[in-house]
Amino acid sequence: MLILAIDTSAVASAALVSDDSLESVIGSFATEDTRSHAEVLAPGIEQLLAGAGLSGADVDVIVAGVGPGPFTGLRSGIVTARSLAFVWQKPLYGLMSLDAIALEVAESTEAAAEFIVATDARRKEVYWARYALAGSQLPHLLDGPHVGFAAGLPDLPVYGAGAGLYPDVLHAVPEFAARQPEALSLGQFALARLAAGEQLLDTTPLYLRESDAQVPGPRKRAL
Amino acid sequence: MNHHPQSSQPLVLGIESSCDETGVGLVRGTRLLANTVSSSMEEHVRFGGVIPEIASRAHLDAFVPTLREALAAAGVTLDDVDAIAVTSGPGLAGALMVGVCAAKALAVATGKPLYAINHLVAHVGVGLLEPAPGAPGTCAEKAPQADGSPANTLPENLGALLVSGGHTEILRIRSITDDVELLGSTIDDAAGEAYDKVARLLGLGYPGGPAIDRLARTGNAKAIRFPRGLTQPKYMGTAEEPGPHRYDWSFSGLKTAVARCVEQFEARGEEVPVADIAAAFQEAVVDVITSKAVLACRENGVTELLLGGGVAANSRLRQLTEQRCGAAGIRLTVPPLVLCTDNGAMVAALGAQLVMAGVAPSGIRFAPDSSMPVTSVSA
Ligand SMILES: [Zn+2]
């Protein structure tokens with residue numbers, strides 16, 4: 001099974017993963033910045049396919065990170081995934097973006113049995129979710145995703161770029177203090193979960209916040 | 001990308017998402033095949049204006065269904081399409097991003113060339129669509145060219161007056177594919193925005209344009225005189241020595257004047273003459289838009305004017321524009337309203353012109369530009 005994974009919940013990233021290939025990786029790219037999605041995502045996907053000598057017809061499934069993440073960037077990946085799936089007529093699924101980091105934690109040597117993944121939600125807040133590990137299983141989501149202040153997180157080790165921003169108020173794990181969700185881990189997670197017969201999400205974005213719009217109050221009358 | 005179709009009648013898919021309409025249109029050469037629009041207008045009503053984040057969320061969910069519907073309406077598939085065109089600016093940054101990313105994904109998935117289109121110039125592009133007998137949504141009012149040139153070429157000395165909730169501009173078009181000049185524009189609110197704000201002041205709901213237009217018919221426009229922005233000599237100058245805003249508009253002072261007027265009636269304990277205020281406000285907007293537009297046309301040799309944008313639906317704007325253009329010897333064209341408001345067909349129409357003119361596609365690396373100037377017809 002060949003999966004094209006896309007995540008733009010923080011950086012822009014895409015990956016091709018397959019259960020036929022070593023470590024399941026065929027190719028991937030990720031930006032460092034979080035503001036160039038519209039420019040780099042489509043060319044990146046085009047190069048990824050060309051570099052692997054593959055075309056859309058070879059892709060079996062498309063998965064997109066559905067956040068949480070800053071809205072404009074998040075939508076760029078989801079609309080890209082939906083459009084590709086429409087043209088190529090491929091099944092399309094969503095994954096919670098924090099799962100990407102959770103899988104990397106699970107595969108690291110010193111993973112705690114229970115931990116938090118957090119990313120930058122701007123406005124001095126983080127997006128976060130709580131996971132559990134048991135044996136060699138995939139990380140299991142216990143709670144979340146949520147958005148809130150770092151100081152309000154449960155007292156557990158915290159992985160991800162959201163932790164690195166607030167080392168004073170939470171237990172940031174240094175090796176993961178700058179880690180952002182990326183499509184490669186997300187795609188590998190999707191592959192593992194589909195192989196295990198698990199259901200994935202649809203591509204409804206997890207905004208977690210309202211649009212900020214204020215219904216205007218009644219106009220103040222003079223006198 | 002090195003596709004470069006020069007088909008004489010290219011089939012172009014156009015995508016629009018610069019404000020609150022998700023539009024997908026299909027045009028073959030100058031023939032309109034489909035114009036499907038999904039609007040999030042209803043979701044903005046309770047806020048009294050377009051909320052960018054709500055519009056962007058709606059674009060994401062509307063895009064694929066709107067695309068599917070447009071293809072079905074045109075009876076074509078993406079395989080048949082020669083090129084894709086998308087609005088890359090000007091407009092709301094987050095909203096543009098959805099259409100641009102979708103268009104790029106379509107280009108990657110199909111291998112078709114992609115054109116990044118200027119939204120304002122696309123409003124002029126609809127003027128090139130041929131009248132289709134009996135079909136709604138085409139330029140039925142377009143008369144044959146006096147000089148006998150075919151209907152798919154724009155007249156010489158063409159100007160365009162664009163009035164909507166997002167923009168207010170007067171353009172001069174020497175070539176729709178590579179020579180468009182901004183003669184004047186609003187320096188603050190768009191005219192449609194001013195309508196929305198004043199409608200809210202008067203308790204008339206959203207969108208403000210139709211509400212004020214309706215009520216104004218029952219009011220006395222001469223009962224109150226509201227200011228016409230940027231009409232003082234220091235802004236206007238003379239034809240020989242134009243001032244800094246000779247062809248520009250400003251509506252923020254007008255909005256403040258309306259607010260003050262309402263407050264004065266209330267402070268005196270009198271009933272607010274809402275219909276008169278609506279009529280006087282509308283007269284101030286329409287008077288200053290048309291007088292400056294006609295001045296710009298006269299002084300720049302524009303003899304053909306196209307009226308575009310959603311406010312083209314306003315009865316008084318149409319009436320006064322017709323009257324003043326007539327008096328100045330300017331021929332006016334008003335496309336049907338479905339093509340005046342934001343839509344994908346206008347993007348496709350301009351895209352087809354670029355393909356036919358042999359203009360190179362934009363590729364897939366461009367960034368949306370929320371303040372794209374009209375001098376960039378395509379990126
Ligand atoms: Zn417009």
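In the text below, chain A, chain B and the rest are named by the order of the sequence lines, each starting its count at 1.
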Residue Glu32(A) excluded, over 12 heavy atoms near CD under 6.0 Å: no

Donor-acceptor contact present, side-chain Lys104(B) to main-chain Ile364(B), <3.5 Å: yes

Polar side chain donor-acceptor pair, Ser40(B) to Glu42(B), under 3.5 angstrom: no

Thr8(A) versus His37(A), side-chain donor and acceptor atoms under 3.5 Å: no

For chain A, the option from Ser56(B), Gly48(B), Ala95(B), Pro52(B) that forms the most heavy-atom pairs under 4.5 Å: Ser56(B)

When Ser36(A), Ser83(A), Ala85(A) are compared by non-hydrogen pairs under 4.5 Å with chain B, the top option: Ser83(A)

Heavy-atom pair with the smallest gap, counting every atom of Asp7(A) and Pro181(A): OD1-O, 3.8 Å

Under 4.5 Å from any heavy atom of chain A - which part of Phe366(B): backbone

Residue Leu60(B) versus chain A: region with a heavy atom under 4.5 Å: both

Residue among Ser76(A), Gly56(A), Pro205(A) with most heavy-atom pairs under 4.5 Å to chain B: Ser76(A)

Contacting moiety of Asp61(B), where chain A heavy atoms sit under 4.5 Å: both

